[in-house]
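To start, the structure under review is shown below, and the notes come after it.
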Amino acid sequence: MKRVVIVGGGPAGLMAAKSLLDNDVPVLLIDHFNYLGGQLVKQTHKFFGSKDQYAKYRGFEIANNLVKDIKDHPKLELMLSTHVVALYDDHLLGVYNDEGYHDIFAERIILATGASEKFLAFENNDLPGVMGAGAIQTLMNVHGVLPGQEVVMIGSGNIGLIVSYQLIQAGVKVKAIVEASDSIGGYLVHASKLRRLGVPFMMNSTITKANGSEFVESVEIINLKDQSSEIIDCDTCCIAVGLSPSIQLASMVDAEFKYVRELGGDVVITTESYESTVKGLYVCGDAAGIEEASSAMMEGAICGLHVAKSFGRSIQTELLESYESQLNELRAGPFGHKTTIGLSKLSGGAYVK
Ligand SMILES: Cc1cc2nc3c(=O)[nH]c(=O)nc-3n(C[C@H](O)[C@H](O)[C@H](O)COP(=O)(O)OP(=O)(O)OC[C@H]3O[C@@H](n4cnc5c(N)ncnc54)[C@H](O)[C@@H]3O)c2cc1C
């Protein structure tokens, strides 16, 4: 029997581990990659936010710092390259790795499993060359492999904009950024940079088809206002249309959910301490609603403190308050508005900033 198992070693899981270890609670941290850091490892750009959440550092540098904070702690046990494939009643986890399948019981479980990419339905969306933005980032920034030479980006949220910029930095031509809405979804500072580099934005538009016999050779884009269409030659079509919380494990034990569009889809209902309706099962970070790495860090830190408290540890109240106020500050920014509405819907209107 383990004291606490954290599933997911991204910013939320790493900060949850830190809070627990700082309070002398043993942690087993599991991730299906062979490295820690989650999404941060792929982020080569400098982060915004405040210096408390490592603003101005690049994502992979933030990951290194978070890992450095915990990696030598004697009460930390790590299982990398390990998939948590099932969650049963009574806090039983089914895990699979090179040594095969085995069961792990835990007194408390924290799910910090992050998010998965949304996809789009269009003709030939299974042609090689149609990829999610996360896959492109992994290819380029983790493995040093270019996805193609000419990319059409679908989606102008922060991920679409940042990945477009990273593609250009890697020498790939971004032929257009296609956006269904009439306004850019991400930070205007990123969009302006791309405009200055000559990337056209096609607003009120979407993809209807990828053409090619064995791989993508062009894409068909339709203007949703006047129905005009255009074919753009390219070898890669990148889909960056949002993320959904990874809630599969929580759904296996009947944790209660609510659909909240602003938080990315189905979200696990939790208390202020991030405990789900299943006692002893906690959810934080993107898995608890799509936000950003800075908020995932704070949520993980707060969740870890609450779990430590549930074992009778006398946690530092000032630290908890400081994390909570940092999280509120992050959500007070221009992009926090959507989250605030989402959290309010999730709590039935009870959430107050
Ligand atoms: C292109 C891009 C740019 C971004 N830019 C910024 C930015 O500038 N600023 C910012 O604040 N945020 C940014 N973000 C968002 C940020 O990366 C995420 O919000 C953040 O990483 C979420 O943290 P997390 O710990 O909840 O999840 P993740 O970082 O996704 O970590 C989840 C971890 O869980 C593991 N896992 C999941 N399921 C299992 C399982 N069943 N078994 C074992 N392991 C599992 C995964 O392997 C992963 O390591 C960006 C994201 C992207 C994609």
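Note that the numbering runs from 1 along the sequence shown for the chain. All ligand and atom numbering here is 1-based and tracks the order in the structure.
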Partner of Leu40 by side-chain contact (heavy atoms from CB on, under 4.5 Å), out of Asn64, Ile62, Leu14: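 By the side-chain contact (heavy atoms from CB on, under 4.5 Å) criterion, Leu40 pairs with just one of Asn64, Ile62, Leu14: Ile62.
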
Can you pull every nitrogen or oxygen pair between ligand 1 and the protein closer than 3.5 angstrom?
from	atom 1	to	atom 2	distance (Å)
ligand 1	5 (N)	His45	NE2	3.1
ligand 1	8 (O)	His45	NE2	2.9
ligand 1	11 (O)	Ala293	N	2.9
ligand 1	11 (O)	Ser294	N	3.3
ligand 1	11 (O)	Ser294	OG	3.1
ligand 1	12 (N)	Ala293	N	3.0
ligand 1	19 (O)	Asp286	OD1	3.3
ligand 1	19 (O)	Asp286	OD2	3.0
ligand 1	19 (O)	Ala293	N	3.3
ligand 1	25 (O)	Pro11	N	3.2
ligand 1	25 (O)	Ala12	N	3.0
ligand 1	26 (O)	Asp286	N	2.8
ligand 1	29 (O)	Gln39	N	2.9
ligand 1	41 (N)	Val84	O	2.9
ligand 1	42 (N)	Val84	N	3.0
ligand 1	44 (N)	His32	N	3.1
ligand 1	47 (O)	Asp31	OD1	2.7
ligand 1	47 (O)	His32	NE2	3.1
ligand 1	49 (O)	Asp31	OD1	3.3
ligand 1	49 (O)	Asp31	OD2	2.6

Flag for Ser218-Asn211: side-chain donor and acceptor within less than 3.5 Å: yes

Any side-chain donor near an acceptor of the partner, Ser322 and Gln326, under 3.5 Å: yes

Selection residues 98-153 - residue pairs positive for ring pair (Phe, Tyr, Trp, His ring centres under 6.0 Å), sequence neighbours left out: none

Ring pair (Phe, Tyr, Trp, His ring centres under 6.0 Å): pairs with one or both residues in residues 222-279, sequence neighbours excluded: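 Residue pairs with at least one partner in residues 222-279: there are none.
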
Residues that, via side-chain heavy atoms closer than 4.5 angstrom, fall in one hydrophobic cluster with Phe60: none

